[in-house]
Asks: 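Sharing a structure here in structure tokens format.
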Amino acid sequence: MSFPLLTATAALPALGAVATAAVPAARRTAAKWLALLVSLATLALAVTVLVRFDPGGDRYQLTESHAWIAAFGVRYELGVDGIAVALLALTALLIPFVILAGWHDADPLETGNTRWRPTQGFFALILAVEAMVIISFEATDVFLFYIFFEAMLIPMYFLIGGFGDRAHEHGDEAAATQRSYAAVKFLLYNLVGGLIMLAAVIGLYVVAGNFSLAEIAQARANGSLHMATSTERWLFLGFFFAFAVKAPLWPLHTWLPNAMGEATAPVAVLITAVVDKVGTFAMLRFCLQLFPEASKWATPVILVLAVISIIYGALLAVGQRDIKRLVAYASISHFGFIILGIFAMTSQGQSGATLYMVNHGISTAALMLVAGFLISRRGSRLIADYGGVQKVAPVLAGTFLIGGLATLSLPGLAPFVSEFLVLVGTFSRYPAIGIIATFGIVLAALYTLVLYQRTMTGPVKPEVATMPDLRPRELLVVAPLIVLLIFLGVYPKPVTDIVNPSVKQTLSDVHKKDPKPSVEAAK
């Protein structure tokens, strides 16, 4: 029997979470190092998966299949395609940076009386989220996917509600109430989506007789599984609703600004750069593959919702006074681009959407983590409390600028390539939608440059006059992300080579081909 590499990649952080939580309370530093070492070992396994994956090979590779709940046709089935491999690698890459950035976020607090924060629990929860996200990318059994799609809400709830933004933690009961509200709102929104999806999962079993993605897709392809049009549409809506909440897509987005605003910066990165990617990934893997006709039926409405997300998120980002909420609304706009690319039903659009998932994860991590370092120094998330930072902390300001420029998709940085592909792929089939979505780029430039101007330039405010520049640990977090943004902006081929074959297979599932040019090239 071959080594179960995919199982090991998910099991290692899960076991690491248990081991980290079991470290004695007096050994907080040991717990941090254990969590970091486990995340680095998981990254090594993810790199092994990446190396062993053959883009020109079978659709699902490194597969594992074992009987689990035989009476209900549930199997423990894992497999990765190019899209899953790219997102698995992104997740494993970001977690060590999240841990390093949050190195002191769960240390003891002095609030009159000494109050101990459960440091071990903080890092154990991060590893638990990593394990659940990874197995969600690997699962090819619908029921197995559903279990971990929902289970990841539990550690995220405690990370948001139990470990809030330290800029507001000084015994302030109002801050604690806001944090609890954000955590409960996150949980309720996603639980409602999950319950609706559960009904659709049960309906799928009634129709198909099993939960295996490969078997159901094969049965659809060879005609042995017939699904009534109305049934397929209802099942599609059940799945899509849950994924749209997780993504998040307007108007199901309102939990995200609260969650990111009240969480620590590393946890905010975990939310938008890691967990939310499961929603858009699942649209590609499950919605399009299981319900191809319903996906095409719903496309016009989804494209409109995606465009609204792009413009709405960007407009609200322009008007924000809170740095972290600005990044949250910018992410809503970016997820609109991702969903737009998925449902444009073109190879350029879906390649761009997948690449956007990777690039958005890196760029948002860079911007939000630097913003977290900035906020921890000043003790405020309000943009108006800053000014002239670049004169006293030029390295911090410079990395903040690069992260911001990546957010607005500046040419030469990674998100530009993915956003360009999404817009080209959309315009080739839906030109009006593509034109409207382009205004999101203009608004992104506005909110990013205004944010930088108000925080980093101008007279030095007295409160930031003694602000220290980035420390070695913080540079170790930010520098690799900046390098990746530049590298993938100049040379995205390593990622596109992996995802493009899977994108073509997804388009084949929905019986779509790229539209032919309306005007022949001049001879």
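Counting from 1, the numbers follow the sequence of the chain as shown.
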Asks: With heavy-atom distances below 4.5 Å as the criterion, would you say the side chains of R325 and M260 are in contact?
Replies: no
Asks: With ring centroids as reference points, do H360 and F335 lie under 6.0 angstrom apart?
Replies: yes
Asks: Say whether E77 and S212, considering side chains only, have a donor N or O and an acceptor N or O under 3.5 Å apart.
Replies: yes
Asks: Before you tell me yes or no, could you show the steps for L256 and H253 under side chain to side chain contact (heavy atoms under 4.5 Å, CB included), namely the whole-Å CA-CA distance, both residues' side-chain angles and the distance that decides it to 0.1 Å?
Replies: CA-CA 6 Å; L256 183 66; H253 67 285; 5.6 Å; no
Asks: Would you confirm whether S295, through its side chain, and C287, through its main-chain N or O, come within 3.5 Å as a donor-acceptor pair?
Replies: yes
Asks: Looking at A44, is its backbone amide N or carbonyl O close enough to the side chain of T48 to form a donor-acceptor pair, meaning the two atoms are under 3.5 Å apart?
Replies: yes
Asks: Judged by atom type as modelled, is there a donor-acceptor pair below 3.5 Å linking the side chain of T407 to the main-chain atoms of G403?
Replies: yes
Asks: Step by step, work out the side chain to side chain contact (heavy atoms under 4.5 Å, CB included) result for L93 and L484.
Replies: CA-CA 11 Å; L93 173 70; L484 273 173; 3.4 Å; yes
Asks: Please confirm whether the backbone N or O of D81 pairs with a side-chain atom of R59, one donor and one acceptor, at under 3.5 Å?
Replies: no
Asks: Taking all non-hydrogen atoms of both residues, which atom of I271 and which atom of A263 are closest, and how far apart?
Replies: CD1-CB, 4.5 Å
Asks: Do F145 and V201 have side chains that approach each other closer than 4.5 Å (heavy atoms only, starting at C-beta)?
Replies: no
Asks: With rounding to the nearest 0.5 Å, note down the distance linking CD1 in I83 to CG in L284.
Replies: 4.5 Å
Asks: Answer yes or no: is there a donor N or O on one side and an acceptor on the other, between the side chain of Y189 and the main chain of K246, under 3.5 Å?
Replies: no
Asks: Between R381 and E262 (salt bridge meaning N to carboxylate O under 4.0 Å), is one present in this structure?
Replies: yes
Asks: Of all the heavy-atom pairs spanning T280 and A247, show the shortest one and how long it is.
Replies: CG2-CB, 4.1 Å
Asks: When you measure from the side chain of S309 to the backbone N and O of W250, does any donor-acceptor pair fall under 3.5 Å?
Replies: yes
Asks: I want to check something: taking the side chain as every heavy atom from C-beta on, are V98 and I126 in contact at a cut-off of under 4.5 Å?
Replies: yes
Asks: Just by distance, do the side chain of E419 and the backbone of S409 share a donor-acceptor pair under 3.5 Å?
Replies: no
Asks: Main chain of F137, side chain of R285: is a donor-acceptor contact present, judged purely on distance under 3.5 Å?
Replies: yes
Asks: Does the plane of the ring in F143 sit parallel, tilted or perpendicular to the ring in F211? Use 30° and 60° as the thresholds.
Replies: tilted
Asks: Taking the six-membered ring for Trp and the single ring otherwise, decide whether the centroids of F291 and F239 are under 6.0 Å apart.
Replies: yes
Asks: Please verify the inter-ring angle class for H334 with Y356; under 30° counts as parallel, over 60° as perpendicular, anything in between as tilted.
Replies: tilted
Asks: Using the test salt bridge (charged side-chain N to carboxylate O under 4.0 Å, His left out), find all partners of E232 that sit at least two apart in sequence or belong to another chain.
Replies: R220
Asks: Mind checking whether F343 and M283 have side chains closer than 4.5 Å, heavy atoms only?
Replies: yes
Asks: Provide the closest heavy-atom pair for L36 versus P96 in the form atom of the first, atom of the second, distance.
Replies: CD1-O, 3.9 Å
Asks: Do you know which two heavy atoms are closest between L413 and I402, and how far apart they sit?
Replies: CD1-O, 3.9 Å
Asks: So for atom CH2, which belongs to W234, do other residues, nucleotides or ligands contribute more than 12 heavy atoms lying within a distance under 6.0 Å?
Replies: no
Asks: Could you tell me whether F158 atom CZ has more than 12 heavy atoms of other residues or ligands within 6.0 Å of it?
Replies: no
Asks: Hey, would you say the W255 and F186 ring centroids sit under 6.0 Å apart?
Replies: yes
Asks: Between Q61 (side chain) and D54 (backbone), is there a donor-acceptor pair under 3.5 Å?
Replies: yes
Asks: What I'd like to find out is whether the side chain of V267 reaches to under 4.5 Å of the side chain of M156, using heavy atoms alone.
Replies: yes
Asks: Please indicate whether R473 has more than 12 foreign heavy atoms, meaning atoms of other residues, nucleotides or ligands, lying under 6.0 Å from its CZ.
Replies: yes
Asks: Atom CD1 in I342, atom OG1 in T354: separation rounded to 0.5 Å?
Replies: 7.0 Å
Asks: Working to the nearest 0.5 Å, report the span between CE of M197 and CG of L235.
Replies: 11.0 Å
Asks: Using side-chain heavy atoms (C-beta onward) and a distance below 4.5 Å, is V129 in contact with V275?
Replies: yes
Asks: Indicate yes or no for a side-chain donor-acceptor contact from E474 to the backbone of R471 under 3.5 Å, with no hydrogens or angles considered.
Replies: yes
Asks: Do the ring planes of F286 and F243 sit parallel (below 30°), tilted (30 to 60°) or perpendicular (above 60°)?
Replies: tilted
Asks: Measure the CD1-CG distance between I216 and N210 for me, rounded to the nearest 0.5 Å.
Replies: 5.0 Å
Asks: Would you indicate whether K185, at its atom NZ, is surrounded by more than 12 heavy atoms from other residues, nucleotides or ligands within a distance under 6.0 Å?
Replies: yes
Asks: Please test F373 against T399 for side chain to side chain contact (heavy atoms under 4.5 Å, CB included), starting from the C-alpha separation and ending with a verdict.
Replies: CA-CA 11 Å; F373 299 148; T399 53; over 6 Å; no
Asks: Minimum heavy-atom separation for V278 and S136, please, with both atom names.
Replies: CG1-CB, 4.2 Å
Asks: Between F240 and L249, is the side chain to side chain contact (heavy atoms under 4.5 Å, CB included) condition met? List the steps.
Replies: CA-CA 10 Å; F240 181 80; L249 178 68; 3.8 Å; yes
Asks: Passes salt bridge (charged side-chain N to carboxylate O under 4.0 Å, His left out), R75 versus D141? Steps please.
Replies: CA-CA 6 Å; R75 298 185 62 82; D141 181 279; over 6 Å; no
Asks: Starting at CD1 of I135, measure out to CE of M152 and round the result to the nearest 0.5 Å.
Replies: 10.0 Å
Asks: Please find the pair of heavy atoms, one from V422 and one from A353, that lie closest to each other, and give the distance.
Replies: CG2-N, 3.6 Å
Asks: Under 6.0 Å from the six-membered ring centre of F123 and within 45° of its axis: does the NZ or CZ of K32 meet both?
Replies: no
Asks: Should P415 and L485 count as side-chain neighbours, where that means a heavy-atom distance under 4.5 Å?
Replies: yes
Asks: How long is the straight-line distance from CG of L481 back to CG of L94, given to the nearest 0.5 Å?
Replies: 7.0 Å
Asks: For the residue pair T20 and F122, establish whether any side-chain heavy-atom pair is separated by less than 4.5 Å.
Replies: no
Asks: Checking E64 against T7: is there a side-chain donor and acceptor pair closer than 3.5 Å?
Replies: yes
Asks: Taking atom types as modelled, is there a side-chain donor on N500 or S351 under 3.5 Å from an acceptor on the other?
Replies: yes
